[in-house]
Amino acid sequence: MTNQKTVTLTDDTTGKTWKFKVMEGTTGPDVIDVRTLYGQTGMFTYDPGFTSTGSCESKITYIDGDAGVLLHRGYNIAELAEKSDFMEVAYLLLNGELPSPAEKASFTSGIMRHTMVHEQLTRFYQGFRRDAHPMAVCCGVVGAMAAFYHDSLDINDPHQRMIAQYRLIAKMPTIAAMAYKYSIGQPFMYPQNNLSYAGNFLRMMFGVPAEDYVVNPVIERAMDRILMLHADHEQNASTSTVRLAGSSGANPFACIAAGIASLWGPSHGGANEAVLNMLREIGNKSNIPAFLSRVKDKADHTRLMGFGHRVYKNFDPRATVMRQTCHEVLASLGIKNDPLLDLAMEMEQIALKDEYFVSKKLYPNVDFYSGIIFRAIGMPESMFTVLFAVARTVGWISQWREMVEDPQSKIGRPRQLYSGQTERAFVPMHARG
Ligand code: ACO
């Protein structure tokens, strides 16, 4: 007989005690099963920002924030970034195992065959202003997919779930590149399915129908790595948003649109764009000390964008790979004298030694370097977060599917600590001061 671990909660006023089961994962911290807490005690837990709350059981991604470790289905991200590619990581996240050569070929061709969007969807874009942010456009268009693909909306049908997953992964680059082309008034580029996922995206972004487009292998590899490094990240804000939206039984396109909306915020995926805005605001190296003083001043609310992470209290392992990729890309493109990039590198060095950042364990995160790589390869800034969304779609849909297929899943319905007025009598208009 195995001993079930428990913890005991004591009410210090009455001395009453309650026992709760402790659940053990395969690795990482144990969790206290508080599902019976309200029933037993009449109390809720209070955890704004969910800093101590496990919202689900998952087998997809594991993070050890103190050690700076990230595993997808047990495989270390650094090893995946070196030896694998985005299609393989996508298969791994979705299916739990690395594909055999035949499985990989069939998965890749299945994805690449779904890259075109419904022709009528291309006209949907005309309704947006040309100066709309591409994240706004992507959020709208992905949500609108539910209006175009009625045959993959039944979440209870495993085949429809699978088709929705292929459609989302395959069409996201097309939708994203179309948002960009629309903003600059160029014709949409149809996908070219014999290219790699990353190569096809680059062509749809930077190619024009009037000319042949040759994919630069260094940029293609960097793009593939960026996609891999952003593919999934456990129960972050956007993934939790996808799960919460999906917990009501909403269709996958609506759920992924919700994820895109959450990702857009500057504390999350919007940080890579914010890093460059911040560097521009700083202007030159001599202004770094003054900027850092503002960052350290609590009353100022300025943050060093691209630094810090809710979970990592060590170097973000994705940032380590991204940093290396960043240097490779800059070297291979022969970029030596970009003032903004120089400023970023100087900022990184200063902050890594600064007592404020060291003591608070604030390290550069993945967004610090991705913004710099994107700038180096000529990616427009407004597309930075969109690219993150393209990559994260794989993680979102894997997590969504895991939730839908989990018999323990329930509609997400947090409770609250109410601090408003208690019941009071209605005051008629004539009696209000
Ligand atoms: N610059 C300056 N100070 C910071 C920063 C930062 N970037 N990040 C955290 N701190 C400070 C806080 O002021 C706080 O100080 P205190 O203890 O004196 O009050 C302490 O470090 C802890 O910070 P929290 O805000 O409690 O940490 P939290 O986990 O809530 O925030 C977050 C994480 C949102 C990522 C934060 O570090 C941040 O705003 N970073 C900048 C934005 C960014 O780069 N986001 C990308 C995240 S990665 C991603 O989405 C892929």
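Values in this document were obtained by computation on a predicted structure and should not be read as measured data. Remember, it's 1-based here, ligands and their atoms both numbered in the order they're listed. Residues: numbered from 1 along the sequence shown.
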Please identify each residue that fulfils salt bridge (charged side-chain N to carboxylate O under 4.0 Å, His left out) with Lys83, with sequence neighbours left out.
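Result, salt bridge (charged side-chain N to carboxylate O under 4.0 Å, His left out) vs Lys83: Glu79.
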Residue pairs passing the salt bridge (Lys or Arg N to Asp or Glu O under 4.0 Å) test where at least one lies in residues 164-184, sequence neighbours excluded
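Every salt bridge (Lys or Arg N to Asp or Glu O under 4.0 Å) pair that includes a residue of residues 164-184, provided the two are not neighbours, is Asp151-Arg167.
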Residue [X] vicinity, atoms of ligand 1 by number, heavy atom under 4.0 Å:
X: Phe388; result: 51 (C)
X: Asp367; result: 46 (C), 48 (S), 49 (C), 50 (O), 51 (C)
X: Val295; result: 1 (N), 2 (C)

Answer with yes or no after comparing the ring centroid distance for [X] and [Y] against a 6.0 Å cut-off, counting only values under it.
X: His233; Y: His72; value: no
X: Phe368; Y: Phe307; value: yes
X: Phe107; Y: Tyr166; value: yes

Among protein heavy atoms, which sits nearest to [atom], and what does the distance come to when rounded to 0.1 Å?
atom: atom 5 (C) of ligand 1; answer: Leu362 CD1, 3.8 Å
atom: atom 41 (C) of ligand 1; answer: Phe307 O, 3.4 Å
atom: atom 32 (C) of ligand 1; answer: Arg303 NH1, 4.2 Å
atom: atom 45 (N) of ligand 1; answer: Ser267 O, 3.2 Å
atom: atom 43 (C) of ligand 1; answer: Ala271 CB, 3.5 Å

Taking 4.0 Å as the limit for heavy-atom contacts, which would you say applies to [X] with ligand 1: side chain only, backbone only, both, or neither?
X: Lys298; answer: side chain
X: Phe368; answer: neither
X: Asn236; answer: neither
X: Lys360; answer: side chain

For Gln235 and Thr239, which I'm curious about, is there any donor-acceptor pair between the side chains at under 3.5 Å?
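No.
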Gly306 N/O to ligand 1 N/O under 3.5 Å:
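The answer is yes, given that Gly306 and ligand 1 share an N or O pair closer than 3.5 Å.
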For the residue pair [X] and [Y], establish whether any side-chain heavy-atom pair is separated by less than 4.5 Å.
X: Gln165; Y: Pro252; result: no
X: Tyr182; Y: Phe188; result: yes
X: Phe20; Y: Asp33; result: no
X: Tyr91; Y: Glu88; result: no

So, 4.0 Å and heavy atoms of Tyr356: is ligand 1 close enough to count as a contact?
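It does; at least one heavy atom falls under 4.0 Å.
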Looking at [atom], tell me if a protein heavy atom falls under 4.0 Å from it.
atom: atom 22 (C) of ligand 1; answer: no
atom: atom 30 (O) of ligand 1; answer: yes
atom: atom 27 (O) of ligand 1; answer: no

